[in-house]
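A quick write-up on the structure given underneath.
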There are 2 protein chains.
Amino acid sequence: MKLSNGVEWALHCCVTLGQSQNPVSAARLAKLHGIPPAYLAKHLQALSQAGILHSTPGPVGGYALTRPPARISALDVVRAIDGPEPTFRCTEIRKRGPLALPPEECMNACAVSRAMATADAAWRAALEGVTIADLTQDIDADSSGTAMSGVREWLAGAG
Amino acid sequence: MKLSNGVEWALHCCVTLGQSQNPVSAARLAKLHGIPPAYLAKHLQALSQAGILHSTPGPVGGYALTRPPARISALDVVRAIDGPEPTFRCTEIRKRGPLALPPEECMNACAVSRAMATADAAWRAALEGVTIADLTQDIDADSSGTAMSGVREWLAGAG
DNA sequence: GTATCTCGGATATCTGACATCCACGTTATA
DNA sequence: TATAACGTGGATGTCAGATATCCGAGATAC
Ligand code: SF4
Ligand code: SF4
């Protein structure tokens, strides 16, 4: 029951990309965050396939957001990195053992699955209500308005 | 981001134990559900240490609930089996890289951690609102009132 | 046209979950 | 008291998935 730590990197990369008008390469994003470049590339590919990022090859290529940050929710990023599978997957043990139910009584999800699905929906709803723009604003406020300007400055410089 | 499947077994065992006045041994619980006995014993021990089950050694021993089913929430079981750790754990990458923040700005949790913690709280709240008694009632209703009577009959018999 | 920079998928390693077993202490029964 | 049944805790093996890395295909600037 642990979330892939790649989610944290992906969220930070989305916030960073929201501050840049030009594409940023995976290598520079990795250097900015101090994380292994080869592994970050893997996650950026997942974001690209999910339609959150747009990749441009070539010497001045890199990644850029496809939508404004206010249109990207944290749930989009989590789903792209961690996969769309629900946290709880029923093993159907009600069909096993001496009291196995007949298949005609297993058509719909059982009570346990329903309860877990409800909790999962609540989790996703909370994540869907937070956008990259919200995170950007909060991070900037936490740093008294210096974080994002620092990022923009670093992106403009050589790195 | 996947929940241990032992949670499913533990929930079913709690529902089953709610139907019995006498302790039930781990071997019989495993046979009833058709799952590996040696592994189920491990999870039952976790439930026992969490204070959800009370174990009685000896020839007629076994496990029994310490509280009425209405007083045991699904969250209690999940926490006992899967651990109390939150789903998201910050790697503190804001302290790494060329734009590392000074430690005095990292005293409180960042925006990303707060958003994840909020979603996690929503998930736990949904799970806390469901009790073993609720699950028992729903499962019985799904089977048109035959499931729990079948369980009681099987527990009374030889197995 | 070519050199270079980038993404993309394929590959290797490593952790933690899954599953099992056994020796031990405890308890009810004969 | 002797015995059988049961939970407890640790040690062990196995395996899927996360972690981490590499090199080739393709596009762009010069
Ligand atoms: S009760 Fe639900 S979770 Fe349990 S085995 Fe049946 S379908 Fe799966
Ligand atoms: S912004 Fe939050 S999640 Fe990201 S590195 Fe900082 S403390 Fe961790």
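Naming: A, B, ... by sequence-line order, numbering from 1 per chain. Just so you know, these numbers come straight off a predicted model, no measurement behind them.
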Let me know the distance between [atom1] of [X] and [atom2] of [N], rounded to the nearest Å.
{"X": "B:Tyr63", "N": "C:dT26", "atom1": "OH", "atom2": "P", "result": "16 Å"}
{"X": "A:Lys2", "N": "C:dC18", "atom1": "NZ", "atom2": "C1'", "result": "18 Å"}
{"X": "A:His54", "N": "D:dT28", "atom1": "NE2", "atom2": "C1'", "result": "13 Å"}
{"X": "B:Arg28", "N": "D:dG7", "atom1": "CZ", "atom2": "P", "result": "11 Å"}
{"X": "B:Asn5", "N": "D:dG17", "atom1": "CG", "atom2": "P", "result": "12 Å"}
{"X": "B:Leu3", "N": "C:dG16", "atom1": "CG", "atom2": "P", "result": "18 Å"}
{"X": "B:Leu47", "N": "D:dG9", "atom1": "CG", "atom2": "P", "result": "13 Å"}
{"X": "A:Leu40", "N": "D:dC22", "atom1": "CG", "atom2": "P", "result": "15 Å"}

Side chain proximity check, B:Leu135 to B:Leu11, heavy atoms < 4.5 angstrom: yes
When we call it a touch if two heavy atoms are under 4.0 Å apart, what does [X] touch: a base, just sugar-phosphate, or nothing?
{"X": "B:Ala27", "answer": "nothing"}
{"X": "A:Glu85", "answer": "nothing"}
{"X": "B:Gly62", "answer": "sugar-phosphate"}

Please tell me if [X] has a side-chain N or O lying less than 4.0 Å from either OP1 or OP2 of [N].
{"X": "B:Gln49", "N": "D:dT8", "answer": "no"}
{"X": "A:Ser55", "N": "C:dG8", "answer": "yes"}
{"X": "A:Thr56", "N": "C:dT6", "answer": "no"}
{"X": "A:Tyr39", "N": "D:dT21", "answer": "no"}

Is it true that a side-chain atom of B:Ser113 and a backbone atom of B:Ala109 form a donor plus acceptor pair closer than 3.5 Å? no
For the pair B:Glu128 (side chain) and B:Ala74 (backbone), establish whether a donor and an acceptor sit closer than 3.5 Å, ignoring hydrogens and angles.
no
Taking all heavy atoms of A:Pro69 and all of A:Gly18, pick out the closest pair and write down the distance.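 That closest heavy-atom pairing would be CG-CA, 4.3 Å.
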What's the closest nucleotide to the [X] side chain, out of [options]?
{"X": "A:Trp9", "options": "D:dT19, D:dA20, C:dC18", "answer": "D:dA20"}
{"X": "B:Pro57", "options": "D:dT21, D:dG7, C:dG8", "answer": "D:dG7"}
{"X": "B:Pro59", "options": "D:dA4, D:dA29, D:dA11", "answer": "D:dA4"}
{"X": "A:Ser4", "options": "C:dA19, D:dT19, D:dT21", "answer": "D:dT19"}

Would A:Arg124 count as a cation-pi partner of B:Trp123, with NZ or CZ less than 6.0 Å from the six-membered ring centre and within 45° of the ring normal?
-> no
With B:Arg67 as partner, the option from B:Ile132, B:Asp76, B:Leu53 fulfilling side-chain contact (heavy atoms from CB on, under 4.5 Å) is B:Asp76
D:dG9 base / B:Gln45 side chain donor-acceptor hit below 3.5 Å: yes
Quiz item: Do B:Lys42 and D:dG10 have a side chain to base donor-acceptor pair shorter than 3.5 Å?
Solution: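 By the distance-only test, yes, there is a pair.
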